[in-house]
2 protein chains.
Amino acid sequence: MARAGLTADRVVEAAADLADEVGFENVTLSALARRFGVKDASLYSHVKNLQDLRTRVALLAAGEMIDGIATAVAGRAGKDALVAFAGAYRTYALAHPGRYAATHTPVDPAVGAASDAFRRTAEITYGMLHAYGLSEPDLTDAVRLLRSTFHGFCALEAIGGFHAARDVQTSWERALDGLHTALEQWPRSERKEEDHA
Amino acid sequence: MARAGLTADRVVEAAADLADEVGFENVTLSALARRFGVKDASLYSHVKNLQDLRTRVALLAAGEMIDGIATAVAGRAGKDALVAFAGAYRTYALAHPGRYAATHTPVDPAVGAASDAFRRTAEITYGMLHAYGLSEPDLTDAVRLLRSTFHGFCALEAIGGFHAARDVQTSWERALDGLHTALEQWPRSERKEEDHA
DNA sequence: GGCCCCAACCTAGGACCCCTAGGTAATCGC
DNA sequence: GCGATTACCTAGGGGTCCTAGGTTGGGGCC
């Protein structure tokens, strides 16, 4: 009989698509096998187990996301860069809810550290904040604030957490305004460079 | 044989405890039944199904959380109130990770609207922001910013998303500083009162 | 105290899922 | 064309959710 032509990459890609359709926590090896017209046991040649599949999807998504952010931010600085970064971030999260959810699954710190996507994400984020004249440890504090707000907003929006009549896009822009003024007036501390991530 | 003396409230409470121990997405009717020394089918007399159990845990947690926040905020205003609110929020999220996760599960808007906890949460949050002299639609935008940052920070912290050596508590305080200045300098818009939630 | 009745708890079983062990057959390298 | 690799299979065990229907404990009422 004809084979489905599976490979680890194709399986992970299909899992990511499935996640976007039914939610990351609802992607199942059985459903994935069904989609390929294959028995679920067959997938174990390409993927160690469900946990392995999940981290692979997370790494795929993290890479795609930072790609989009990087091109959006390229050549910009200051508030321009902030708005471009945030826009690309939220656009990806809304367009690919399952993939986005994958990126916020508890991940083994070892694989995270080894991931190129995570390294590039840290690089670009810290780079963007240099325009505000921040240095460690303020830099890390500011990065944590941005990550928190971006993630929190997209997570809440994804689960339908904003009920008010107010337009969500406008609230997003106002939040960015607020973050921008917070960054501009960030109280500088005395300390020197530290590790970042 | 002696009965376990189950009731819907006891089942939900135990599910919340279990969630705090093993994670909200890992609470299972089988494990819950095992904890009571009972067959899983027996739980269906008290709870409609797993989804029903989850929303009940979410409502329980939302109530507990807003209780803690309300007492923390009582009698405070301005930045004092902001810090107290945020502190109680994060304290609850860290002490009860499973319950906290429950509160950010997609919830039926109907049951959400009917929930007293959600109503009180909105009330207290909007009330806190009146000290900053905001009115609609800025109020809703500001509430969304606060919710996003609080939730994002706690969610990231819960999954171990902050790897840098920098003390997390300090980053939290700096984030609150940033939000405070953002609120103080919030650009007022021309529009009038609108619906809030 | 004895009886009734409700509800707490049970058994049985179907559907779906994860995962392992070991087999067959298609395809690639030579 | 042939051997080795590997894509895919069958078989099966264990866990979970949930339904349908039976049994038994215990509180209320006479």
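Keep in mind that what you see is a predicted model, and the values were worked out from it rather than measured. To find a chain, count down the sequence lines: A is the first, B the second, and so on, and within it residues start at 1.
Defined by atom type and a distance below 3.5 Å, a donor-acceptor pair is present between the side-chain atoms of Arg90(B) and Gln169(B). At a cut-off of 3.5 Å, with distance as the only test, a side-chain donor of Glu64(A) or Tyr92(A) sits close to an acceptor on the other residue.
Nearest nucleotide to the Ser42(B) side chain, out of dC9(C), dC19(C), dT11(C): dC9(C). For Asp40(B), whose side chain is taken as the heavy atoms from C-beta onward, the closest listed nucleotide among dC19(C), dC9(C), dC18(D) is dC18(D).
dA7(D) atom C1' lies 8 Å from atom CG of Leu6(A), rounded to whole Å. One can place CG of Leu43(B) at 9 Å from P of dC17(D), the figure rounded to the nearest angstrom. Going from atom OH of Tyr44(A) over to atom C1' of dT20(C) covers 9 Å, rounded to whole Å. The NZ atom of Lys39(B) sits 19 Å away from the P atom of dT19(D) (whole-angstrom rounding). Atom pair Asn49(A):CG and dC19(C):P shows a separation of 5 Å (rounding to whole Å applied). Between the C1' atom of dG15(D) and the CG atom of Leu50(B) lies a distance of 14 Å, rounded to the nearest Å.
Remark: nothing in residues 16-24 of chain B comes within less than 4.0 Å of DNA chain D through any heavy atom. Within a heavy-atom distance below 4.0 Å of DNA chain C, the residues of residues 26-36 of chain A found are Thr28(A), Leu29(A), Ser30(A), Arg34(A).
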Let me see the working for Asp138(B) and Arg188(B) under salt bridge (charged side-chain N to carboxylate O under 4.0 Å, His left out), right down to the final yes or no.
CA-CA 7 Å; Asp138(B) 300 322; Arg188(B) 313 303 155 115; 5.5 Å; no
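Screening Arg99(A), Arg35(A), Arg10(A) for a salt bridge (charged side-chain N to carboxylate O under 4.0 Å, His left out) involving Asp17(A) leaves a single residue, Arg99(A).
A heavy-atom distance below 4.5 Å is found between the side chains of Arg144(B) and Thr140(B).
Salt-bridge annotation for Lys79(B) and Asp177(B): present, with a side-chain N of the basic residue lying under 4.0 Å from a carboxylate O of the acidic one. Between Arg76(A) and Asp80(A) there is a salt bridge, since a side-chain N of the basic residue sits under 4.0 Å from a carboxylate O of the acidic one.
Nearest heavy atom pair, residue Ser148(A) against residue Phe162(B), reads OG-CZ, 3.9 Å.
Between Ser45(A) and dT6(D), a side-chain N or O to OP1/OP2 separation shorter than 4.0 Å is absent. Under 4.0 angstrom from either OP1 or OP2 of dC8(D) there lies at least one side-chain N or O belonging to His46(A).
Taking the six-membered ring where the residue is Trp, Tyr89(B) and Tyr100(B) present perpendicular rings, their angle passing 60° and hence far from 30°.
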